[in-house]
Structure formats: C-alpha cells, structure tokens
Number of protein chains: 2
Amino acid sequence: MVDEKPLRADARRNRARVLDAASAVFAEHGTAASTEQIARAAGVGPGTVFRHFPTKEDLLTAVYLDRLEHLAAQAGELATAPEPTAALRGFFRGAVEGSAAKNALAQALAGAGISPADAASGIGARLRAALGVLLERAQRDGGVRPELTVTDLMSLLIGASRATEPLAADPAARDRVVTVILDGLSASR
Amino acid sequence: MVDEKPLRADARRNRARVLDAASAVFAEHGTAASTEQIARAAGVGPGTVFRHFPTKEDLLTAVYLDRLEHLAAQAGELATAPEPTAALRGFFRGAVEGSAAKNALAQALAGAGISPADAASGIGARLRAALGVLLERAQRDGGVRPELTVTDLMSLLIGASRATEPLAADPAARDRVVTVILDGLSASR
DNA sequence: CGACAAACGGAGTGATCAGTCCGTATAGTC
DNA sequence: GACTATACGGACTGATCACTCCGTTTGTCG
C-alpha cells in the first residue's frame, strides 16, 4: 500500500524540521497558527511546507500521529512490566506530564481515534491495542475497576491532559488533579 | 462604572437572539464559525451582530459569561443543601451532563477564570466563590478529600467536560468516566 | 399621529491565509 | 566535474472573514 521512494537528504531533513516546528507552534499558538509562521519557525519557505504536507490538515494530522506514536511506544514497553497497576499509573502520569509542556496531546488523542469509526485504523489502533494490554493487566491485578473500557481510559487521559493544561504553572495542583483521577480508576470501595 | 441606557425593545430582543444563536453555532461548529453564520442563525444582519458585540472576541466572551452565570447560579442554589457531598456530586454531574450537549463549557471555564490573574474579577469570581462553598461543605462533611482547592475542582470540571465530549453518543461510557472522577474526589482510602 | 432618535440590513473593504507555480539551487550519480 | 532529477524559496492568487458605513425601517414619546 505504501511505496516510499527514498527522499533526498535535504528533503528528509526539512520534513523533520517542519514537523518539529509545527508541533511547537501549534502547541504555543493553537492550531489556528498560519502555515507561514510554521515555515518561518522551521527556517524554510512556505512552499516547502506544502510540498511535504499538501494541506494544513495533513500537517496537523502528521503532528498528531507523531505524538500518538510516542505514546503507543511507551505503552508497548510497559506491556510486560512486573507490576501492572503501577505500570498503568506510571504511564498515565507520564503521558499527562509530557503533554503539559506541549499541550496538544489531548487534541491528538481526541482527533485520532476515540470515535469507533477511525479507531480501527493505523496508529490509533496501535495505541488502542497497547493501552488495552496495560488496562487489562491492571484490571486482572485488581488495581483498576473492571468495568472500564479502553475508550474510557483514553477519555480520561484526554480529560486529565485538558484539566491540567491551565495548571502548568502549579505542579502541585497538577499532581493533586491527576491523583484524583488515578484514585478514581482503582476499584471502588 | 456601568451606565446602561435602556435598550430599545427590538434591540434587547435581537441581542438575546444573537447570544443564543452564537452559543448554538459555536457549540456545533467550533469557535471558528463565521460571524455571518451566526447572524443568519439569529435571523439578523451581520451589522446587528457587530453593533451588539463590537468584536468577535466580545461575542465569545459574552457567550462564556452567560454559561458561567448559569453555573454560578446553580452552584449558589446548592449552597445550603442538606447533604453537602451529594450536592457537590450532583452539581458536578449536572454541569458535565449539560455541557455534553453544548460542549463549550470547558472553554468557558478555561477561558474565564482559572488563572489567578482574572480569577478575582466578575463572574469568574462569583462562580469561584459559589464552588468554594460547595467544596468546603463537602470537605467538612468528609465526602471530599481535604487537600483539594477550588482551582483543582474547576480543573477537574473542565477535564470531565472535555473527557466526555467525544462520548456524546455513549451515555453509559460518559457515566463511567464521570463516576471515576467523582470517586476520585472522595477521601482516599 | 407625527417626529426623532435608535436600531436595522446588507453591500462593501481591507487584511489574512491556505494553497499554487516556476525559476533557481542542490543532492545524487557516473 | 558535469548532468539530471529532486527539492527549494518566495512571489502570487483566490477565497474567506472580521468589521464598517449608510440608506432605510421601527420603536418611543409627546
């Protein structure tokens, strides 16, 4: 389905630069930031941005997928951790923490994969699967209420990210908020 | 500081219409919706929209304040409820539920009042105060962990709204997610 | 009812921005 | 080092949108 011709060295470099710049600019100025702004931040011309990402939406999607891939990789690594409940909690905290700085994680999650429609395809599915393993193991371990689904978990991740977004300046508050959610995850009394 | 001249009857009517339409359109199409679209929805000319709200931002702010006022009123009513913990939980559920339909509550909250800077002024302060009462009573009642602040609570409200945003189609899932957060609110085991 | 101020509708305007195009430059190859 | 395909920069374009302006309408008050 994919027939990736090898990109020229400069092309590959510029693509990465644009992606990084877009990630940063979107995070700081919101997704309404202009393409030209991103081009400037990346040190390339506007044309180059559009060559690699024909549409602004393509660029946004690429940024999101990048984030999701990181998350999926992290989740994957924890799939065989000795303490499933601690693993899930750690992952959750880490994901929220990480997204506090570059706050678009929530949008990334929300944009790519919650709705059943696209949940079946691509990276979204990978993340979903990896989270599913973490969740199920933690549930078997008795550390997470059994009725929760992967979608529930993803929703809570989104919620936690969004909730802590304005709290960037107050790590203690952020910690309290995440703790509330994590404690809520565990089996009810 | 305010010198409200009495508006003409039609002006007052149109202002309300525009506000309602804006609320609906923003909720459905996001805040990027054009002013003309709102004018059409309200059944007025674009000029009228701008006469009442000189800037698009003014319009957005007005919509937000409207929402916050409703919330503050609801919270105020519960200030003397016989069962403080149940009152807080009920308020929380209601707020999230309500925002599921017109999903901009989260932005409303986020936009107007989390940061200490503007927390001191206007409606944001009213809501904050009303929530403070609810929270403190529930904490005294032993139903909510004592270390949480009003800001924490507001953050969690935002988080819950955002988290359940994509779950509009699945009330059961929404319920599970909110329950997780509410149970997390209660004093830890 | 008549007169005046207040408000209305909607055509018009300038700015912004996503996306295109092409002459120039550079990486890869022999 | 020369040749070619690939990629680059940035001027350009068309569309969209926030906001303005003014001739017309409508509420209000004596």
Side-chain angles (χ1 to χ4, degrees), chain A residues 2-66 104 107-108 111-112, chain B residues 2-66 104 107-108 111-112:
Chain A
V2 243
D3 65 327
E4 314 264 299
K5 287 183 188 172
L7 282 176
R8 231 170 66 175
D10 54 346
R12 214 165 37 241
R13 197 176 55 238
N14 278 334
R15 189 179 192 282
R17 270 189 198 166
V18 169
L19 208 51
D20 282 358
S23 177
V25 172
F26 283 148
E28 190 176 357
H29 297 93
T31 58
S34 76
T35 318
E36 198 194 332
Q37 195 173 355
I38 290 164
R40 265 201 313 273
V44 304
T48 301
V49 174
F50 282 101
R51 194 165 324 102
H52 289 294
F53 309 95
T55 287
K56 195 188 182 181
E57 205 186 317
D58 291 335
L59 180 53
L60 260 177
T61 306
V63 169
Y64 290 167
L65 290 186
D66 204 46
Q107 278 186 347
Chain B
V2 242
D3 65 328
E4 313 265 299
K5 287 182 188 172
L7 282 175
R8 232 171 64 176
D10 54 344
R12 215 167 32 243
R13 197 176 53 237
N14 278 334
R15 191 179 191 282
R17 270 189 199 166
V18 169
L19 208 51
D20 282 357
S23 176
V25 171
F26 282 148
E28 190 175 357
H29 298 90
T31 59
S34 75
T35 318
E36 198 194 333
Q37 196 173 353
I38 290 163
R40 265 201 313 273
V44 304
T48 300
V49 174
F50 282 100
R51 195 165 321 101
H52 289 292
F53 307 95
T55 287
K56 194 188 182 181
E57 205 186 316
D58 291 335
L59 180 53
L60 260 177
T61 306
V63 170
Y64 289 168
L65 290 186
D66 203 46
Q107 277 186 348

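Convention: sequence-line order gives letters A, B, ...; per-chain numbering from 1. Keep in mind the model is a prediction, meaning the values are calculated, not measured.
As a whole-Å value, the separation of Ile38(B) CD1 from dA18(D) C1' is 11 Å. Between the NZ atom of Lys56(B) and the P atom of dT16(D) there is a distance of 15 Å, given to the nearest Å. One atom, CG of Leu60(B), and another, C1' of dC17(D), lie 14 Å apart when rounded to the nearest Å. For Glu36(A) and dA15(C), the CD to C1' distance is 13 Å, given to the nearest whole Å. As a whole-Å value, the separation of Leu59(A) CG from dA18(C) P is 10 Å. Between the CD atom of Glu57(B) and the P atom of dC17(D) there is a distance of 18 Å, rounded to whole Å. Between Asp58(B) atom CG and dT20(D) atom P there is a gap of 11 Å when expressed in whole angstrom units. Whole-Å rounding puts the Arg40(A) CZ to dG10(D) P distance at 12 Å.
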*For the pair Val49(A) and Asn14(A), evaluate side-chain contact (heavy atoms from CB on, under 4.5 Å) and give the outcome as yes or no after the intermediate values.*
CA-CA 9 Å; Val49(A) 174; Asn14(A) 278 334; over 6 Å; no
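In terms of modelled atom types and a separation under 3.5 Å, the side chain of Lys56(A) and the main chain of Phe50(A) share no donor-acceptor contact.
Partners of Asp58(B) under the side chain to side chain contact (heavy atoms under 4.5 Å, CB included) rule, at least two apart in sequence or in another chain, are Phe53(B), Pro54(B), Thr55(B). Contacts of Glu57(A) classified as side-chain hydrogen bond (donor to acceptor under 3.5 Å, both in side chains), with partners at least two apart in sequence or in another chain: none. Legend: residues meeting side-chain hydrogen bond (donor to acceptor under 3.5 Å, both in side chains) with Arg12(B), ordered by chain and number and at least two apart, are absent. By the side chain to side chain contact (heavy atoms under 4.5 Å, CB included) test, Ala33(B) is found to be paired with Val25(B), Phe26(B), His29(B), Gln37(B), residues two or more places apart in sequence or in another chain being considered.
Between His52(A) and the phosphate of dA7(D), there is no side-chain N or O to OP1/OP2 separation shorter than 4.0 Å. Contact annotation: Asn14(A) does not reach the phosphate of dA7(D) (side-chain N/O to OP1 or OP2, under 4.0 Å). Of the side-chain N and O atoms in Thr48(A), one or more sit less than 4.0 angstrom from OP1 or OP2 of dG9(D). Contact check, Thr35(A) against dA18(C): a side-chain N or O comes under 4.0 Å of OP1 or OP2.
Note that the CG atom of Leu60(B) and the OG1 atom of Thr31(B) stand 5.5 Å from one another [nearest 0.5 Å]. Interatomic distance, Arg40(A) CZ to Ser34(A) OG, rounded to the nearest 0.5 Å: 6.5 Å.
At a threshold of 4.5 Å between non-hydrogen side-chain atoms, the residues Arg15(A) and Val18(A) do not count as touching.
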*asked:* Each nucleotide in nucleotides 20-30 of chain C should get exactly one letter: B, S or -. Can you fill that in based on protein heavy atoms under 4.0 Å?
replied: B-----BSS--
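The 5' end of DNA chain C is approached more closely, in terms of each residue's nearest nucleotide, by Gly45(B) than by the other of Gly45(B) and Ala33(A).
Fit an axis to the five pairs at each end of the helix from dC1(C)-dG30(D) to dC30(C)-dG1(D) and the two axes sit 20° apart, to the nearest 10 degrees.
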